[in-house]
Amino acid sequence: MAVIGIMSAMHEELAAVLAAMPDEQRVRVAGRDFWVGHWHGHDVVAVLSRIGKVAAATTATVLLERFKVDALVFTGAAGGLAPHAQVGDVVVATGLVQHDMDASPLFPRYEVPLYGRARFDTDPALSEALAAAASQVLSDPAQHLGAQAIADFHLLSPRVHQGLIVSGDRFVSTTAESQALQRSLPDALAVEMEGAAVAQVCLDYGVPFAAVRTISDRADDDAHTDFNRFIREVASRYSLAILSQWLMHR
């Protein structure tokens with residue numbers, strides 16, 4: 001049976017996933033807790049990615065080497081970059097780029113040296129299946145979120161987007177930086193701190209990878225300040241529902 005790896009960016013999201021796994025067992029490797037169990041009849045290994053590209057790449061490598069996962073899904077939050085990627089929307093990556101990679105003039109900006117590419121594509125079939133699951137979940141937010149959260153975060157008509165996510169070891173939270181990213185990477189829908197590194201590791205190992213991110217803010221000066229509440233009451237619940245929907249129909 002295939003083994004599915006699930007990486008979450010935040011403790012709250014991992015806790016929600018573990019609550020859905022009836023028989024998880026902890027295995028500690030490289031200072032990380034990997035939770036081995038089952039979910040909807042699938043063998044699953046869940047782990048907290050930690051923050052930043054290096055930490056996430058280490059976590060992914062252990063998942064692939066030690067636990068031999070056959071597919072890896074990253075779930076978490078991200079800042080919206082594209083004008084139509086609004087708070088409460090979900091972005092399913094079709095590809096990822098490291099926005100802080102710059103080995104010029106030896107290599108073009110954003111290109112990862114010796115790979116001949118800047119963009120690391122996700123697995124099409126895996127991403128489409130997760131996008132379908134996300135569309136199903138977001139078609140009725142009230143089924144998964146509390147009425148107060150829907151009202152406070154204006155989540156009346158959340159949408160699913162598919163496209164480019166960019167990653168870097170900077171927390172983008174100013175309008176100037178957000179606009180600079182939009183100018184230099186106009187196709188980018190969202191920005192976060194781990195996904196592109198995990199995508200690179202999965203390419204090295206030939207393992208299908210997908211990333212699903214809930215937009216928590218607009219990555220600018222007006223970003224809402226109650227980030228922890230959003231993760232707890234929106235992003236973690238979306239992640240749980242999307243992954244559950246996907247696994248039930250896998």
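Two residues are said to be in side-chain contact when any heavy atoms from C-beta on lie closer than 4.5 Å; Leu81 and Ser178 meet this criterion. Contact annotation: the side chain of Met7 never approaches that of Val17 to less than 4.5 Å [non-hydrogen atoms, C-beta and beyond]. You'll find the side chain of Val47 stays beyond 4.5 Å of the side chain of Trp35, heavy atoms only. Using a 4.5 Å heavy-atom cutoff, the side chains of Val73 and Leu243 are in contact. Looking only at side-chain heavy atoms (C-beta outward), Trp246 and Val212 stay at 4.5 Å or farther from each other. Side-chain contact between Ile215 and Gln86 is absent, with no heavy atoms from C-beta onward closer than 4.5 Å. Counting heavy atoms from C-beta outward, His38 and Val44 have side chains that stay 4.5 Å or more apart. Between Gln162 and Val91 the shortest side-chain heavy-atom distance does not fall below 4.5 Å.
Under a 3.5 Å cut-off, the side chain of His42 and the backbone N or O of Leu247 do form a donor-acceptor pair. Looking only at distances, no side-chain donor or acceptor of Arg183 sits under 3.5 Å from a matching main-chain atom of Pro186. Side chain of Arg170 to main chain of Met193: no donor-acceptor pair is present (N/O by atom type, distance under 3.5 Å, no hydrogens or angles). Within the 3.5 Å criterion, the main-chain N or O of His84 finds a donor-acceptor partner in the side chain of His161. Judged by distance alone, with hydrogens and angles left aside, the side-chain atoms of Glu13 form no donor-acceptor pair with the main-chain N or O of Ala16 at under 3.5 Å. The main-chain N or O of Ala210 is never found under 3.5 Å from a side-chain atom of Asp123 such that the two would form a donor-acceptor pair. Using a distance-only test at 3.5 Å, with no hydrogens or angles considered, a donor-acceptor pair links the side chain of Thr174 to the main chain of Glu177.
A donor-acceptor contact closer than 3.5 angstrom links the side chains of Tyr110 and Ser184. A donor atom on one side chain and an acceptor atom on the other are not found under 3.5 Å apart for His99 and Ser167. Donor-acceptor pairing under 3.5 Å is recorded for the side chains of Gln98 and Gln200.
Under the 4.5 Å side-chain contact rule for hydrophobic residues, Val112 and Phe107 do not share a cluster. Cluster annotation: Phe209 and Val3 are assigned to the same hydrophobic cluster (Ile/Leu/Val/Met/Phe/Trp/Tyr, side-chain heavy-atom contacts under 4.5 Å, transitive). Hydrophobic cluster membership is shared by Leu156 and Val137, with clusters built from Ile, Leu, Val, Met, Phe, Trp and Tyr side chains linked at under 4.5 angstrom. Both Val90 and Leu240 are assigned to one and the same hydrophobic cluster, defined by single-linkage of ILVMFWY side chains at heavy-atom distances under 4.5 Å.
Aromatic pair Phe230/Phe153: ring centres closer than 6.0 Å. A ring-centre distance under 6.0 Å is found for Phe120 and Tyr115.
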Next item on the list: Determine, step by step, whether Tyr205 and Thr61 satisfy the side chain to side chain donor-acceptor pair (under 3.5 Å) criterion, reporting the C-alpha distance in whole Å, the side-chain angles of both residues, the deciding distance to 0.1 Å, and the verdict.
Entry: CA-CA 9 Å; Tyr205 282 86; Thr61 301; 5.1 Å; no
Note to self: I'd like to know whether Arg117 forms a side chain to side chain contact (heavy atoms under 4.5 Å, CB included) with Leu203, so could you lay out the CA-CA distance, the side-chain angles of the two residues, the decisive distance to 0.1 Å, and finally the verdict.
What the structure shows: CA-CA 12 Å; Arg117 68 172 71 195; Leu203 176 70; 4.0 Å; yes
Next item on the list: For salt bridge (charged side-chain N to carboxylate O under 4.0 Å, His left out), just list the numbers for Arg213 and Glu192, CA-CA rounded to whole Å, side-chain angles, deciding distance to a tenth of an Å, and then say yes or no.
Entry: CA-CA 9 Å; Arg213 294 279 193 168; Glu192 36 90 309; 3.1 Å; yes
Next item on the list: Give the C-alpha distance, both sets of side-chain angles, the deciding distance and a yes or no for side chain to side chain contact (heavy atoms under 4.5 Å, CB included) between Val29 and Phe34.
Entry: CA-CA 7 Å; Val29 183; Phe34 294 80; 4.0 Å; yes
Item checked: Verdict with reasoning, Tyr238 to Leu138, per side chain to side chain contact (heavy atoms under 4.5 Å, CB included) -> CA-CA 8 Å; Tyr238 275 166; Leu138 266 62; 4.0 Å; yes
Note to self: Does Arg32 form a side chain to side chain donor-acceptor pair (under 3.5 Å) with Thr59? I'd like the steps, not just the answer.
What the structure shows: CA-CA 8 Å; Arg32 292 153 168 80; Thr59 307; 2.7 Å; yes
Check: Which is it for Asp33 and Leu48 under the side chain to side chain contact (heavy atoms under 4.5 Å, CB included) test, yes or no, and what are the steps along the way?
Finding: CA-CA 8 Å; Asp33 290 329; Leu48 191 69; over 6 Å; no
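Annotation: Ile150, atom CD1; neighbour count of heavy atoms from other residues, nucleotides and ligands within 6.0 Å is above 12. The number of heavy-atom neighbours closer than 6.0 Å to CZ of Arg229, taken from other residues, nucleotides and ligands shown, is above 12.
Distance check: His144 NE2 to Arg237 CZ gives 11.0 Å after rounding to the nearest 0.5 Å. Taking CZ of Arg250 as the reference point, atom CD of Gln245 lies at 14.5 Å (rounded to 0.5 Å). With values rounded to the nearest 0.5 angstrom, Phe67 atom CZ is found 12.5 Å from Asp43 atom CG. Summarising the geometry, atom CG belonging to Leu189 is positioned 11.5 Å from atom CG belonging to Leu185; distances are rounded to the nearest 0.5 Å. If you take CD on Glu12 and CD1 on Ile231, they are separated by 7.0 Å, rounding to the nearest 0.5 Å.
Looking at every heavy atom in both residues, Gly195 comes nearest to Leu96 through C-CD2, 3.5 Å. Contact record, Ser139 with Pro141: C-CD, 3.8 Å, taken as the closest heavy-atom pair. The two residues Gly116 and Glu111 come nearest to each other via the heavy atoms CA-OE2, 3.6 Å. Nearest heavy atoms, Pro158 versus Asp89: CA-OD1, 3.5 Å. The heavy-atom pair separating Leu72 from Cys202 by the smallest distance is CD2-SG, 3.6 Å. The two residues Glu194 and Gly52 come nearest to each other via the heavy atoms OE2-N, 3.1 Å.
Of the options Thr122, Asp121, Thr94, a side-chain hydrogen bond (donor to acceptor under 3.5 Å, both in side chains) to Ser127 is made by Thr122 and by none of the others. Trp39 pairs in a side chain to side chain contact (heavy atoms under 4.5 Å, CB included) with only one of the listed residues (Ile4, Asp23, Ile6, Leu18), which is Ile6.
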